[in-house]
Amino acid sequence: MTPTTSLDIPVIAIDGPTASGKGTVAQKVAEHLGYHYLDSGALYRLVGLASFKKGISTASEQELAPIAKNLSVIFQGDRIILDDEDVSDQIRQEEMGRRASEVAIHPMVRQALVTRQRAFRQKPGLVADGRDMASVIFTDAVTKVYLTASAESRAERRYKQLIAKGFSANIQVLLQDLRDRDERDANRSSSPLKAVEGAHCLDTTSMTIEEAVNQILKWHQVN
Ligand code: DC
């Protein structure tokens with residue numbers, strides 16, 4: 001009998017630009033299937049936050065890499081604990097999204113997070129969301145999805161989320177920030193955001209979350 005390895009555990013990779021709804025959709029797909037869930041963007045946000053707390057610039061690859069490697073983080077349901085502090089809300093702030101996108105351009109930072117991400121591959125399966133899930137981290141993912149939406153609708157969604165959480169927000173500033181991040185994420189030389197060959201493209205501009213979830217579940221069933 002051939003021994004089971006983590007490579008036998010199915011992965012659904014969901015990549016796409018910022019605020020495309022990946023997180024919500026991926027979490028619901030995972031819930032539906034009883035799979036684990038990896039929010040890889042949270043790891044880059046944590047590096048952004050931890051370095052901010054230490055006064056380290058997002059340009060300093062040499063100083064950021066050990067921070068990424070040694071992050072002391074616990075994922076507890078929907079809460080994220082960094083060095084014994086609940087930072088779930090802090091990492092969602094726009095400033096941390098921007099810092100995350102800046103630290104993510106560095107190959108040494110990306111490399112330092114590879115093993116940690118792959119460790120989420122546990123039975124019975126994993127739904128992983130990010131930018132390079134299908135292209136780098138889980139190249140053998142059984143279902144690959146590239147999820148997107150127009151920049152305007154993404155800015156509007158982000159605006160509503162922030163207001164609902166009691167943060168102040170300006171939609172024009174959000175739109176510009178989102179375009180800057182798209183540009184940085186898609187044009188960096190290390191693991192840029194892109195749809196890999198074989199990925200199902202899903203434009204959610206005029207779709208509900210449920211429709212997007214059902215579509216992904218259908219694709220996964222066929223695989
Ligand atoms: O998905 P998110 O908005 O939380 O991600 C924040 C930033 O982290 C994003 O702008 C780019 C970076 N990121 C990445 O480079 N690779 C990933 N797999 C996930 C996120």
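Read the numbers this way: they start at 1 and go in the same order the structure lists the ligands and their atoms.
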Legend entry - Flag, side chain of Thr205 to backbone of Ser150, donor-acceptor distance under 3.5 Å: yes

Inset, instruction - Please check if any side-chain donor atom of Ser60 sits under 3.5 Å from a side-chain acceptor atom of Ser57, or the reverse. - result: no

Inset, instruction - With sequence neighbours excluded, tell me which residues meet ring-ring contact (aromatic ring centres under 6.0 Å, His included) with Phe120. - result: Phe75

Legend entry - Neighbour list for ligand 1 [protein residues, heavy atom under 4.0 Å]: Thr18, Lys22, Ser40, Gly41, Tyr44, Arg45, Ala100, Ser101, Ala104, Arg110, Gly130, Arg131, Asp132, Met133, Arg181, Asp185, Arg188

Inset, instruction - List in chain and number order the residues that pass ring-ring contact (aromatic ring centres under 6.0 Å, His included) with His220, two or more places apart in sequence or in another chain; answer none if no residue qualifies. - result: Tyr35

Legend entry - Under 4.5 Å side-chain linkage, directly or through intermediates, the cluster mates of Val173: none

Legend entry - Contact summary for Met96 and Gln90, nearest pair of heavy atoms: CG-O, 3.4 Å

